[in-house]
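Reading through the structure tokens given below for one structure.
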Amino acid sequence: MIKVYNLLGLMQRAGKLITGEDLIIKNLKNKKIKLLVIAEDCGVNTKKKLEDKSNFYGVEHVEFSNIENISIAIGRDNRVAVGITDSGFIKKFKQLIEEGGRQ
């Protein structure tokens, strides 16, 4: 699983992540986000809002890890979700999750 967190950090440094609820919703509308990653321990209302928005705009979403680990990986505080904008990173992210399983 460490490789997945390293990849999230690399995406952040490469500018391929969008964080923050308002920016995520704006970029879901603009079709810039290709995969939405939601922390498993985020609030019920926030999770429902993000899932509904991603379904409405036809963007795939997955639940992964927790708020603390995602936040540490990308170097930002209290991030409940991140939007990935690069198809190559998405492919690698999914591959690492399948290989390592969910923890």
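Taking every heavy atom of both residues into account, Ser87 and Lys34 meet most closely at OG-CD, 3.4 Å. Residues Asn66 and Asn69 share a closest heavy-atom pair of OD1-N, 2.8 Å. Contact detail for Ser71 and Asn78: the closest heavy-atom pair is OG-N, 3.3 Å. Heavy-atom minimum distance, Val59 versus Leu35: CG1-N, 4.1 Å.
Residue Ile38 holds its CD1 atom at 9.5 Å from OG1 of Thr46, rounded to the nearest 0.5 Å. Distance check, rounded to the nearest 0.5 Å: CG of Leu50 to SG of Cys42 gives 6.5 Å. Atom CZ of Phe56 sits about 9.5 Å away from atom NZ of Lys29, to the nearest 0.5 Å. To the nearest 0.5 Å, the span separating CD on Glu40 from OG on Ser65 amounts to 7.0 Å.
Shown here are the ring pair (Phe, Tyr, Trp, His ring centres under 6.0 Å) partners of Phe93, two or more places apart in sequence or in another chain: Phe64. For Asp52, the salt bridge (charged side-chain N to carboxylate O under 4.0 Å, His left out) partners at least two apart in sequence or on another chain are Lys48. Residues that satisfy the salt bridge (charged side-chain N to carboxylate O under 4.0 Å, His left out) test with Lys53, not counting sequence neighbours, are absent from this structure.
Within the structure, salt bridge (Lys or Arg N to Asp or Glu O under 4.0 Å) pairs that include any residue of residues 86-95 comprise Glu60-Lys94 (at least two apart or interchain).
Within a 6.0 Å radius of CG in Asn30, more than 12 heavy atoms belonging to other residues, nucleotides or ligands are found. Heavy atoms from other residues, nucleotides or ligands lying under 6.0 Å from CD of Glu68 number 12 at most.
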Give every donor-acceptor pair under 3.5 Å between a side-chain atom in residues 11-26 and any protein atom, sequence neighbours left out.
from	atom 1	to	atom 2	distance (Å)
Arg13	NH1	Gly9	O	3.2
Thr19	OG1	Arg79	NH1	3.3
Glu21	OE2	Lys49	NZ	3.0

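With hydrophobic clusters built from ILVMFWY side chains whose heavy atoms lie under 4.5 angstrom apart, Leu7 shares a cluster with Ile74. Leu36 and Tyr5 are not part of a single hydrophobic cluster, where members link through side-chain heavy atoms under 4.5 Å apart. Leu28 and Val62 fall into different hydrophobic clusters, where Ile, Leu, Val, Met, Phe, Trp and Tyr are joined by side-chain heavy atoms under 4.5 Å apart, directly or via other members. Criterion: ILVMFWY side-chain heavy atoms under 4.5 Å apart, direct or through other members. Under it, Val4 and Ile72 are not part of a common hydrophobic cluster.
Residue Ile67 belongs to a hydrophobic cluster whose other members are Val80, with links defined by side-chain heavy atoms closer than 4.5 Å.
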